[in-house]
Structure formats: C-alpha cells, structure tokens
Participant: 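One structure, pasted below without further comment.
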Amino acid sequence: MIELEGVPELVDPVMVAAFEGWNDAGDAASAAVAHLEREWKGEVFAALDAEDYYDFQVNRPLIWLDDGVRRITWPTTRLSVIRGGATGGSGRRRDLVLVRGIEPSMRWRSFCNELLGFAHELGVEMVVVLGALLGDTPHTRPVPVTSVTSDEELARSLDLEESRYEGPTGIVGIFQEACAHAGFPAVSLWASVPHYVSQPPNPKASLALLNALEDLLGVGIPLGDLSEDARAWQLGVDQLAAEDSEVAEYVQSLEQARDTAELPEASGEAIAKEFERYLRRRGGPQEPGPGEPGGAGPGPFLKDPSSGRARPRRRRKPESDAGPPPTAEGGGGPAEPGE
C-alpha cells in the first residue's frame, strides 16, 4: 500500500510520463516533461528507490558539492504534481502528475506496478507517455508526432492510431501495456527525431510533443523560450548541413519525400489546430473538446463536468510482480513508434 501524505485530492488528474534512455532520442521526451515541471513549478512528492530498479554501473550516481558538503544524486524516477496548471477550453482547470526518470535496468513489472499504485491512489484518469525515436525525417520540416494506444475504445473516441507494432520494446511500451492491463486509459505520443542529428538537446522535437499533448488534453501549455530555442536549433543545423554538400543533398531528398507524402494533409485542419493552440495559450474561447460541456461526446478519462469537484475513481490495484507480464506490443528505440 502506498501512503501519500500532503498530496490533496486532485482535479481531473492526468499522469504524463517520460523516461531517459532507449525511448528518448535527443532527450526530447524527458526535456518536454522537464519543461512542464519548470513552467508550472511542479512539486516533487515521491521518488522510487533507486536500489530496486537501477544498475549503477550503467546509470552511475553523481557526486557534487553543496556549500562545501559532498552529496550524491542517485539515478531514479521522481513524481511531481502540478495543481491547476492546465486550463481547458471550457475554462476548467485540471491537475497533472508528472513522472520523469530513467528507463530501469531491471524489474520492469515491479517498476510499472509501483507507478500504477501512485496513479490509483491519486485518482489518475488517464496516462500519457511521451517518447522519441530516430527516423528519416528532415530537420527543416515540422516534427512528426504519432499518437498511439492499445485501447480500441480510446482509439475510436479520441481518433488515435491503434498500435499494431510487433518487435523489441522499451519501458514506454511496457508501461502503456501495464496501464491497459490495470484499467487505465493510456496513450503514447512519439516524436520522430532526424537520425543524422540525434544528439541532445532537440527543443524542436520537445515542442512538437508538447503541442501534441495540448491537442490531446485540450489544455494550454506555456512554452516559455522553447519556441525560440527550437528556431535557434534549426538554424544551427541548417548551418552545419550547408557546410557539407553530401549532407545538404541528403536533407533535400528527405524534404522532397516528406513533402510528397504529406501533400494531401496540407489542409485547413492543420491550420485550425494551430489556431486552437493559440487561443488556448491566450485563454480565449475555443470549441469544447470530448468530455467537455457541449463537446462531441464523453471523453473516457474525464469526470462529470457538472460535479464541480474531483471525484477520484478508485480502480482495482495493479497485479503484483508475480503476475503475468504485460503484453509488449509497444515499440521503442530507433526504428518504429510503438506504445
């Protein structure tokens, strides 16, 4: 049993998670969650025991000086809460539970079950996991973000892709399947990072993930300096590519392939989405989303908007580590998006 002291009842909480490592090309996903913590001043309320999940020869602890006192920071996964930071189109506020850490070295089922124990106790209504992979995408074009779920009903209600990936997976795929097994609606957002410029940071990919999160949850996210950082990053890569004719030619071939493939999608729908994001950030009116008053049907993870306060839904506990492993239908790593 996980006892949470000092964390009040949350309003329409959504858990947003990202893990450094195989599922985090360019550190895009973990940087996106770090941005949310920084902009909304997330309050850390829990950390998993590093001894249980990490090989310290793979993820080494850091030693540092604090006013002359030597201290050690152990690799782990921390949870923080943001109260009322996210505002939807109806003006209602909701809370976020942020999970940021490192892909564990061992005991993945126990790791997922511990996170789901926190989600259960906090009344989390939906889990969104962010990931990033390497792909054949040009840095000069918008970053492709794929939204996938293994929940057929959720895919239908939120117009998401239902994952059909088969192959090796990382903690993002395992955690999403663990959520589905425990009865939590879960979605993965995958950003495609150019494989020829894979080193972190990649603020353009982080920005794309946050835009996709905005669209999914119908909330406004403050971007701070992230948009300017993304522009500076692209200009820097432009300069590097211009210095190498082979790289410039390769980028041009990726641009042509991308433009040809996405020409039918250059429609008013993309413009409408960008305008909705602008209105959310300005706090202006917008069309209600699924589950909001006047929206196009009840969102599967939203509470009754007429209640006026949160009513956490207590789900059954996730199965113990001795139970069957979650189905690994989510893919990570450098090849294809999974869950």
Participant: Less than 4.5 Å apart, side chain to side chain, heavy atoms only: is that true for Leu36 and Leu213?
Facilitator: yes
Participant: Check this for me, if you would: do Lys41 and Glu43 make a salt bridge, where the nitrogen-to-carboxylate-oxygen distance has to be below 4.0 angstrom?
Facilitator: no
Participant: Working to the nearest 0.5 angstrom, can you tell me the gap between Leu10 CG and Arg94 CZ?
Facilitator: 11.5 Å
Participant: If Ile, Leu, Val, Met, Phe, Trp and Tyr residues are connected whenever their side-chain heavy atoms lie under 4.5 Å apart, and connections chain through other members, are Val143 and Leu209 in the same group?
Facilitator: no
Participant: Roughly how far, to the nearest 0.5 Å, is CG of Leu216 from CG of Leu160?
Facilitator: 6.5 Å
Participant: Under 4.5 Å between any side-chain heavy atoms of Ser147 and Ser188, yes or no?
Facilitator: no
Participant: List in chain and number order the residues that pass side chain to side chain donor-acceptor pair (under 3.5 Å) with Glu228, two or more places apart in sequence or in another chain; answer none if no residue qualifies.
Facilitator: Arg231
Participant: I need the minimum non-hydrogen distance between His35 and Leu223, along with the two atoms involved.
Facilitator: CE1-O, 3.0 Å
Participant: How long is the span from the CG atom in Asp215 to the CD1 atom in Ile221, to the nearest 0.5 Å?
Facilitator: 9.0 Å
Participant: Is the shortest side-chain heavy-atom distance between Pro142 and Arg258 below 4.5 Å?
Facilitator: yes
Participant: When rounded to the nearest 0.5 angstrom, what distance separates CG in Asn23 from CG in Leu130?
Facilitator: 11.0 Å
Participant: Minimum heavy-atom separation for Phe184 and Val124, please, with both atom names.
Facilitator: CE2-O, 3.5 Å
Participant: Thr77 versus Phe111: any side-chain heavy-atom pair under 4.5 Å?
Facilitator: yes
Participant: Regarding Glu177 and Ser150, is there a side-chain donor-to-acceptor distance under 3.5 Å anywhere?
Facilitator: yes
Participant: Closest heavy-atom contact between Asp27 and Ser206?
Facilitator: O-OG, 4.4 Å
Participant: Between Leu96 and Leu207, is there shared hydrophobic-cluster membership here, with clusters defined by ILVMFWY side-chain heavy atoms closer than 4.5 Å?
Facilitator: yes
Participant: For residues 192-205, tabulate all N or O donor-acceptor pairs below 3.5 Å that involve a side-chain atom, not counting sequence neighbours.
Facilitator:
{"residue": "His195", "atom": "NE2", "partner": "Asp136", "partner atom": "OD1", "Å": "3.2"}
{"residue": "His195", "atom": "NE2", "partner": "Tyr250", "partner atom": "OH", "Å": "2.7"}
{"residue": "Tyr196", "atom": "OH", "partner": "His139", "partner atom": "N", "Å": "2.8"}
{"residue": "Tyr196", "atom": "OH", "partner": "His139", "partner atom": "ND1", "Å": "2.7"}
{"residue": "Asn202", "atom": "OD1", "partner": "Lys204", "partner atom": "N", "Å": "3.3"}
{"residue": "Asn202", "atom": "OD1", "partner": "Ala205", "partner atom": "N", "Å": "2.9"}
{"residue": "Lys204", "atom": "NZ", "partner": "His139", "partner atom": "O", "Å": "2.7"}
{"residue": "Lys204", "atom": "NZ", "partner": "Arg141", "partner atom": "O", "Å": "3.0"}
{"residue": "Lys204", "atom": "NZ", "partner": "Gln234", "partner atom": "OE1", "Å": "2.6"}

Participant: So, Arg100 versus Ser30: side-chain donor-acceptor pair below 3.5 Å or not?
Facilitator: no
Participant: How long is the gap from CD1 on Ile171 to CD1 on Ile102, to the nearest 0.5 Å?
Facilitator: 12.5 Å
Participant: Answer with yes or no whether the hydrophobic clustering places Trp233 together with Val145; edges join I, L, V, M, F, W, Y residues whose side-chain heavy atoms lie under 4.5 Å apart.
Facilitator: no
Participant: Would a hydrophobic clustering, with Ile, Leu, Val, Met, Phe, Trp and Tyr connected at side-chain separations under 4.5 Å, put Tyr54 with Ile63?
Facilitator: yes
Participant: Under the side-chain contact (heavy atoms from CB on, under 4.5 Å) criterion, do Arg71 and Leu65 qualify, and how do the steps go?
Facilitator: CA-CA 6 Å; Arg71 301 189 184 278; Leu65 292 175; over 6 Å; no
Participant: Closest approach of Met126 and Leu217, non-hydrogen atoms and distance?
Facilitator: SD-CD2, 4.4 Å
Participant: Enumerate the residue pairs fulfilling side chain to side chain donor-acceptor pair (under 3.5 Å) with a member in residues 56-65, sequence neighbours excluded, ordered by first and then second residue.
Facilitator: Trp64-Thr73
Participant: If I compare all heavy atoms of Trp40 with all of Pro222, which pair ends up nearest, and what's the gap?
Facilitator: CZ2-CD, 3.4 Å
Participant: Using a 6.0 Å cut-off, check whether atom CG of Asp225 has over 12 heavy atoms from anything other than its own residue.
Facilitator: no
Participant: Answer with yes or no whether the hydrophobic clustering places Val172 together with Val99; edges join I, L, V, M, F, W, Y residues whose side-chain heavy atoms lie under 4.5 Å apart.
Facilitator: yes
Participant: Please confirm whether the backbone N or O of Asp55 pairs with a side-chain atom of Ser105, one donor and one acceptor, at under 3.5 Å?
Facilitator: yes
Participant: Show, in sequence, the C-alpha distance, side-chain angles and deciding distance for Thr149 and Gln176, and conclude whether the side-chain contact (heavy atoms from CB on, under 4.5 Å) test is met.
Facilitator: CA-CA 8 Å; Thr149 181; Gln176 177 167 335; 4.1 Å; yes
Participant: Which heavy-atom pair separates Phe175 from Ala17 by the least distance, and what is that distance?
Facilitator: CE2-CB, 4.3 Å
Participant: For the CZ atom of Phe19 and the CG atom of Leu115, what is their distance to the nearest 0.5 Å?
Facilitator: 5.5 Å
